Amino acid sequence: MRKYYLDNLRYSIVLLVIFYHIIYLFNSLGVITNVVIPGIPQMDVFLYLIYPWFMPCLFLISGISAKYALEKKSGKQFLKEKIRKILIPSIAGIFMIGWISGYITNQYADMFAGNTVPGIFKYFIYSFSGIGPLWFAHELFLAYLILLLIRKIDKNNKLAAIGRKVNFIVLLFLVFAVWGSSLILNTPVIEIYRNGIYIFMFLLGYYVFSQDHVIEILQKYKYLLLAVSVVIGIIYTIYFWGQNYSLMKNLQHPLTNAYAWFMSLALLGCAKTWFDKDTAFSRYMRPRNFGFYVLHYPLLVTIAYLIDRNFDVKPIMFYLILAILEAIFLPIAYEIISRIPIIRTLILGIRKKK
């Protein structure tokens, strides 16, 4: 039986990622973006309220989904599918659409310092500097590989047996493990690859949150968890206000990780209670979810650049216009690309348009 609440929560977070990036492009906090366009500092409050938890929660959901998928498929079948749906688009996308963001970045930053650089080298530099949200696919595929390795080692499924014993008190104390995971396996320089916390959340999803009784616990305590999350989120925002929230020292702070953890718990409990249903919109979003995620950022950057260079728009209107145009052109871009053989596989992971 399909878990509709997971589908609905997943695409809701992807839509939230799009909203986040609209605000993020104009942030006043020193968080690096691909354009240099002044925004409204007060709007940055949304970045603080969203950023700490939306990706950890997405990895948690991915872990749960992997559990249900592997109940129906062998490890080999699962891996083959993820190579097509996740790995190939995460690599091909760098070279097919990543260069767009890199090119636009150069219009603001002059990455080559005025030096003459051969076109082919520019292309590769543009591509790698425009990876953008594709990092999520890289990290997710790594999590899949680690999971399959653990399954081979844990042939008696002892980790799942441990997951079946988790209760509400254990869930509360797992916040310390989440915080600890944020301190390890982080890549230097490119700090977006936070291997420790993302892989740990993924594995928790697989071994703990795929258990029905755990989700029932979250349903039971959803109001408490939501209240705690809101309070921690407000304290977090006040504490870090004016700082670059994406710096590793801030991402490793206990407050940041407590907010990420309790909000993830609250959202799972609330989604199971209120959004465990199939709707026309969920049926529309379900197959387009990953495609929207992959395509939204290069499109956002392109629209923002064209508006900035051709029109004099007040900051408040810039947010609104960008959101409207993204809502119009993102579905159009998806429908066009999803109908082009080979291209749809390389960018969206779609083998054949149904």
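Everything quoted here is computed from the prediction, not taken from an experiment.
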Take atom [atom1] in [X]; do more than 12 heavy atoms of anything else shown fall under 6.0 Å from it?
X: F46; atom1: CZ; result: no
X: F275; atom1: CZ; result: no
X: Y284; atom1: OH; result: yes
X: F176; atom1: CZ; result: no
X: F136; atom1: CZ; result: yes
X: I332; atom1: CD1; result: yes

Report yes or no: does [X] contribute a side-chain atom to a donor-acceptor pair with the main-chain N or O of [Y] at less than 3.5 Å?
X: D7; Y: R286; result: no
X: Y48; Y: G242; result: yes
X: N257; Y: H253; result: yes
X: N186; Y: Y193; result: no
X: H296; Y: F19; result: no
X: Q252; Y: S182; result: yes
X: D44; Y: S28; result: yes
X: S246; Y: V31; result: no
X: N156; Y: K158; result: no
X: K222; Y: Q219; result: yes

- request: Please test N34 against Y297 for side-chain contact (heavy atoms from CB on, under 4.5 Å), starting from the C-alpha separation and ending with a verdict.
  value: CA-CA 10 Å; N34 297 91; Y297 190 70; 2.5 Å; yes
message: Do the side chains of R288 and E335 get close enough for a salt bridge, i.e. N-O under 4.0 angstrom?
response: yes
Taking all non-hydrogen atoms of both residues, which atom of [X] and which atom of [Y] are closest, and how far apart?
X: G233; Y: T237; answer: O-OG1, 2.8 Å
X: W241; Y: P41; answer: CH2-O, 3.7 Å
X: Y68; Y: S210; answer: OH-O, 3.3 Å
X: A66; Y: L147; answer: CB-CD2, 4.1 Å
X: I328; Y: P331; answer: O-CD, 3.5 Å
X: P56; Y: A260; answer: CG-CB, 4.3 Å

Between [X] and [Y], is the ring centroid distance below 6.0 Å?
X: Y51; Y: Y24; answer: no
X: F95; Y: F128; answer: yes
X: F281; Y: Y11; answer: yes

May I ask you to test the [X]-[Y] pair for a side-chain heavy-atom distance under 4.5 Å?
X: I100; Y: V301; answer: no
X: R151; Y: L70; answer: yes
X: D308; Y: Y108; answer: yes
X: L25; Y: I37; answer: no
X: I184; Y: F200; answer: no
X: L172; Y: Y221; answer: no
X: Y126; Y: M111; answer: yes
X: M201; Y: S264; answer: yes

Grouping I, L, V, M, F, W and Y whenever their side-chain heavy atoms are under 4.5 Å apart, do [X] and [Y] come out in a common cluster?
X: V36; Y: I321; value: yes
X: Y20; Y: L16; value: yes
X: I238; Y: Y236; value: no
X: I234; Y: Y259; value: no
X: I153; Y: L148; value: no

task: Show your working on side-chain contact (heavy atoms from CB on, under 4.5 Å) between V228 and V231 and close with a plain yes or no.
output: CA-CA 5 Å; V228 169; V231 171; 5.9 Å; no
Mind checking the [atom1]-[atom2] spacing from [X] to [Y]? Nearest 0.5 Å is all I need.
X: W179; Y: L255; atom1: CH2; atom2: CG; value: 11.5 Å
X: I343; Y: I347; atom1: CD1; atom2: CD1; value: 5.5 Å
X: Y334; Y: R344; atom1: OH; atom2: CZ; value: 10.0 Å
X: L268; Y: T273; atom1: CG; atom2: OG1; value: 10.5 Å
X: L47; Y: Y245; atom1: CG; atom2: OH; value: 4.0 Å
X: R194; Y: S181; atom1: CZ; atom2: OG; value: 8.0 Å

field: CA sep, side-chain torsions, deciding dist, call: E139, N195, side-chain contact (heavy atoms from CB on, under 4.5 Å)
entry: CA-CA 7 Å; E139 196 81 4; N195 298 294; 2.8 Å; yes
Passing option when F59 is tested against Y206, F202, Y198 for ring-ring contact (aromatic ring centres under 6.0 Å, His included): Y198
- prompt: So Y293 and F290, would you call those rings parallel, tilted or perpendicular, with 30° and 60° as cut-offs?
  reply: parallel
message: Classify the ring geometry of F26 against Y319: parallel below 30°, tilted from 30° to 60°, perpendicular beyond 60°.
response: perpendicular
- request: Could you walk me through whether L142 and H138 pass side-chain contact (heavy atoms from CB on, under 4.5 Å), step by step?
  value: CA-CA 6 Å; L142 175 61; H138 304 156; over 6 Å; no
